[in-house]
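Heads up, the thing below is written out as C-alpha cells.
Quick note: residue numbers are just sequence positions, from 1.
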Amino acid sequence: MQNKGDSTTARTSLELLYNISRELTSALDLATVLERVITLSMHNVGAVNGSIIVLDTSGVPIDGIICVGSKIITNAAAQLAETLPDGLAGWVIRNRKGTVVSNTGKDRRWLQRPDDDNQHSGAKSAVCVPLIIHLQLVGVMTLVHPSPDFFSPAHLDLIQAIADQAGIAVQNARLYEETHRRARIMTALAESASEITSTLDPNEVLQRILSQISEALQVEIVALALIDPQHETLSYVASSSGVKEDHIDRSLKLGEGFAGSVAEAGRGEIIEDTSTDNRFVLEFEQNIDKNIRAIVCAPLISQNKVIGILEAFNPIAGKFDPDALEVLTGIGSLAGTAINHARLYEQVQSAQKRYLELFQDSIDPIFITDLDSIILEANHQAVTFTGYHKDTLLNRPVSQLLASPENEPMIDYRSIPTGEIVSYESELLTQQGEKTPVLVFIRSLAMEGEVNFQWLIRDISERKEYDKLREDLISMIYHDLRSPLSNIVSSLDVFNTMLPQDGDPAFRSLLNIALRSTERIQRLTNSLLDMSRLETGQPIVNLLSTSPMHLAIEAVEAVSPVADTKNQMIQLKIPAEMPVVLIDADMIRRVIINLLENAVKYSPPNGEIILGAALEDNYAQVWVQDSGPGIKEIDQEHIFDKFTRLNPQDSQKGFGLGLAYCRLAIEGHGGKIWVESELGKGSRFCFTLPLVEKD
C-alpha cells in the first residue's frame, strides 16, 4: 500500500510537470522555448550551469543555448558541437538515454576543461538527457553542478520527464519557425516574381532583379553576371551602387574566383568572412568601393541551365539570415526565366522591326493576308503598283487583284507549311483596269500568335516581252531556215551520189562535213518545232517499238567526229538483251545526241564519256556520264528550264534550249529526266522511257 509521503511526492511531481508543460507550450519562438526549458530545468534540480543542443533530422546541430548562472548565451550550436563526437552529449545521443555523472573528473565521457579540477568551480557532477519526440531525437540537455555526487537518479528521472515535455515544445517551435521561414521565403519570392516579371525590357528586368535582391536580403551591394557559352566566360552586366564603373563588362573564366566557381558548379554558396576565402580576392579586390565582409552567390537558372550568377554583399544586419542562400537561389530561378523571356522578347521585337523595315523598303509589292486571303497590310510599293489607296486595299480579298494561274486551279495557300514558299504566274489587275503579268510568291507566317500569309508580287512584264521576242526569233529562224535548208540537203544528196567512191578525198571530206552540219541544223529545227508542239499539249503520235541499242549506236555515230577531235572516248554500256521501248525514235535520238554533245562539250580532252542503259521496273533507264566540272546543286533543278545558261560568260555558246527540249520530249513520252552531279566529279544525265507492254 502506497504511503502518504509517496502520494504527496507524486502529486507534487505531476503538478511540477503540468506547470512546466504549460509554461513551455505558451511560447512558439525557438529561442524563447530553449531559454525557458534550461532555466526551468536548472531551477527545479538546483543546477548551476546548463546547455541544450538542438539537432536536425540528420543529427547536425542547428541551434543551442548555454546558461552560466544567470547569463544566457543563445545561438551557441557551434560552441556546443565539440561535445558531440566524444563528450557526454555525444554518448547520450548515440545511446538515446539519459545518464548521471557523479564526478566529472573521473568519467571519460566528460570533456575536461581547465576549471574542472578540484581547485576551481567548474563542473563536478552532471546529468544529461535526450529530447525525444515520436522516436525522433531533437536535442540533448546537460545540467551541471560544482559539487561531486550532487545529482541522484531521482534528478535524472525528473530531468528526463522535463526533457520529454521540452522535446514537444522544441519540435513545435521548430515546426512553427520552419513554417514562418517558408512563409517568409515564399512571400519574398512571390513579391520578387511579381516585380521582376512585370516588364519585358531587358535593362529594366536587370535593375528590378537587383532591387528585389537588395530588398529581400537587406544588403549593401548586388551584382549580376551572365555566361557567354561560346567563350566559357562570366561577364558582369549589372550592379547596384558601390561597384566601380570598370567592373561592369569585366569577364571571369568559369571556375575562376568565387562567382566563377558557383557558375561552374551550378550551386549557391555563402562566404561569411571574405578574409578567410581567397576566391573573393580574384574578382573584387580592386572593384568595390566598400570593404566587403561577407558574400552570398547563387546561380541564375533558365530551362535547367545555368546562364549566370547573382551576388549580394555585406548584409546590413552584419550577418546573413539563414534563409539568404535559399532566397537568392529562388530569385535566381525566377530571374533566369525573366532574363530569358526578356531576351526572346527583344529578339522578336528586333526581328519584327527588321521585317517591317524590309517590308516597307522592298522594291516588290507585298501584301499580308489572313487565312481568308483578306488583306491586312500592304507596303508602299503595293499601293504604288496597284494604284489603289491603302485604305481601299485593306480588308479586301487579294483574289480580287490576282487572276488564277492559267490552266491551273487557284493555289491552296492554306496548306503551305510554315517557312516554305509557293510561286505561280498570274496577272495583277490595277485600279486603272490594266493587267500586268506577275510572279506571285506565297509564304506562311506566324505573327503575334496567328497564321498569316505574305504575298510578294514581282512584275515580270519585261521577262514576258523577252520570252516573246525569243520565241518570235526562234520561230523566224525555223521558218526562214526550213526552205533553204531543204534545198541545201537535196543538193548535197545529189553531190554525194554524183561523187565517185574513189574520187578526191579532200572533196569527200568537205562533203561529209557539210552533210553532218546540215543534219545538225535539221535536228535543231525539228527540235524547235517539237518544243512548240509539246508546249501546246499536243500528244506524241509516232510511237514505234525501238531498240535502245540501235538508237545509241546512231547517236554515237553522229557525235563521234566531234569527240575524235578532242581524243575523247565514248563507251557504250547497254545490255545486248535490253527490251525495246515504245517511242518516237527520231525525237529520242535527238535527246541522246543532245546529251552526248553536251558531254563532249564540257568534258576535257582525252576525257571519257559513257552512254549506258539498264532496266528499272517497267522502264528503261538511259544515262550519259561525262567527266566535266560538275553542276552546283542549286543549279540542278533549273538546268532543264528554257533559256537557262548556268554561266552566261561561258565560252560554250548556246540559247539554253537543248536540255529544255530533252525534258519536254522525255516527259511527253511518260518518262522523267534528271541530273546527278558533284562539283569536280562530272555529271550524269538520266532519263526513263516506257517499255513495250507484253501481250
Side-chain angles (χ1 to χ4, degrees), residues 489 492-493 496-497 512-513 515-531 533-534 539-566 568-601 603 607-626 658-659 661-676 683-695:
V489 170
L492 289 174
D493 287 339
N496 189 36
T497 57
N512 288 335
I513 292 173
L515 287 170
R516 287 197 299 273
S517 298
T518 53
E519 287 176 2
R520 188 160 184 246
I521 296 174
Q522 281 184 311
R523 288 198 301 272
L524 176 60
T525 54
N526 288 335
S527 295
L528 292 174
L529 180 60
D530 287 338
M531 285 182 66
R533 291 172 177 170
L534 291 169
I540 299 172
V541 294
N542 300 323
L543 298 176
L544 298 173
S545 298
T546 308
S547 166
M549 178 62 81
H550 179 70
L551 282 178
I553 292 173
E554 290 183 342
V556 171
E557 287 179 351
V559 177
S560 289
V562 181
D564 291 342
T565 62
K566 299 177 70 175
Q568 294 170 336
M569 179 182 295
I570 302 177
Q571 292 189 39
L572 281 178
K573 290 188 177 181
I574 301 177
E577 66 278 7
M578 192 75 183
V580 295
V581 289
L582 190 64
I583 58 172
D584 181 322
D586 182 57
M587 289 182 70
I588 300 303
R589 183 187 302 107
R590 281 184 268 125
V591 169
I592 299 175
I593 290 174
N594 190 293
L595 296 178
L596 284 173
E597 286 180 337
N598 283 344
V600 169
K601 183 188 301 183
S603 292
E608 184 181 65
I609 299 166
I610 299 174
L611 173 57
L615 286 177
E616 184 184 89
D617 297 329
N618 295 322
Y619 291 85
Q621 179 176 317
V622 182
W623 69 84
V624 175
Q625 173 76 51
D626 64 39
L659 291 177
Y661 164 74
C662 292
R663 178 177 61 83
L664 288 169
I666 295 302
E667 291 179 354
H669 281 81
K672 61 179 182 178
I673 186 169
W674 70 95
V675 61
E676 300 169 354
S683 304
R684 172 183 283 201
F685 285 84
C686 311
F687 63 87
T688 57
L689 294 169
L691 300 175
V692 175
E693 296 183 1
K694 296 181 180 179
D695 296 332

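- Residues that satisfy the side chain to side chain contact (heavy atoms under 4.5 Å, CB included) test with Ile673, not counting sequence neighbours, are Phe640, Cys662, Arg663, Ile666, Phe687.
- The two residues Ile593 and Ala558 make their nearest non-hydrogen contact at CD1-CB, 3.8 Å.
- The minimum heavy-atom distance between Pro575 and Met549, with the atom names listed, is O-CE, 4.4 Å.
- Once rounded to the nearest 0.5 Å, the distance linking CD of Gln621 with CE of Met578 reads 9.0 Å.
- Atoms SG and CG, from Cys686 and Leu595 in turn, are 9.5 Å apart once rounded to the nearest 0.5 Å.
- In this structure a side-chain-to-backbone donor-acceptor pair under 3.5 Å is present from His669 to Ala665.
- The side chain to side chain contact (heavy atoms under 4.5 Å, CB included) test applied to Pro561 returns Arg516, not counting sequence neighbours.
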Next item on the list: Show the numbers, then the answer: is there a side chain to side chain contact (heavy atoms under 4.5 Å, CB included) between Lys566 and Val600?
Entry: CA-CA 8 Å; Lys566 299 177 70 175; Val600 169; 4.3 Å; yes
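- The shortest distance between side-chain heavy atoms of Ile610 and Trp623 falls below 4.5 Å.
- Residues passing the side chain to side chain contact (heavy atoms under 4.5 Å, CB included) test with Val581, sequence neighbours excluded: Pro548, Ile583, Ala620, Leu689, Leu691.
- Panel note: side chain Thr688, backbone Lys672; a donor-acceptor pair is recorded below 3.5 Å.
- Contact of the Asn618 side chain with the Pro690 side chain is not registered, since no non-hydrogen atoms from C-beta on lie closer than 4.5 Å.
- A distance of 7.0 Å separates CG in Leu543 from CG in Asp584, rounded to the nearest 0.5 Å.
- Checked options Val559, Leu551, Leu596, Ile553; the residue passing with Leu611 is Leu596 (criterion: side-chain contact (heavy atoms from CB on, under 4.5 Å)).
- For Glu676 and Trp674, the side-chain atoms include at least one donor-acceptor pair closer than 3.5 Å.
- Remark: Arg589 pairs with Glu554, Asp586 by the side-chain hydrogen bond (donor to acceptor under 3.5 Å, both in side chains) rule, at least two apart or across chains.
- To the nearest 0.5 Å, the span separating CG on Leu615 from CD on Glu577 amounts to 8.0 Å.
- Sorted by first and then second residue, the pairs that involve residues 607-617 and meet side-chain hydrogen bond (donor to acceptor under 3.5 Å, both in side chains), not counting sequence neighbours, are Gln571-Glu608.
- For the pair Tyr661 (side chain) and Met587 (backbone), a donor-acceptor distance under 3.5 Å is present.
- Listed here is the closest heavy atom pair of Leu582 and Ser545: CD1-N, 4.0 Å.
- Residues passing the side-chain hydrogen bond (donor to acceptor under 3.5 Å, both in side chains) test with Asp564: none are found, sequence neighbours excluded.
- For the pair Asn594 and Gly658, the tightest heavy-atom approach, listed with the atom from each and the gap, is ND2-CA, 3.2 Å.
- Between the Thr546 side chain and the Leu544 main chain, a donor and an acceptor come within less than 3.5 Å of each other.
- Contact check for Ile609 versus Gln625: no side-chain heavy atoms found under the 4.5 Å cut-off.
- Between Val675 and Arg684, the closest side-chain pair of non-hydrogen atoms is not below 4.5 Å.
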Next item on the list: Could you walk me through whether Asn598 and Phe685 pass side chain to side chain contact (heavy atoms under 4.5 Å, CB included), step by step?
Entry: CA-CA 10 Å; Asn598 283 344; Phe685 285 84; 5.9 Å; no
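- The line from OG of Ser603 to CE of Met569 is 13.0 Å long, rounded to the nearest 0.5 Å.
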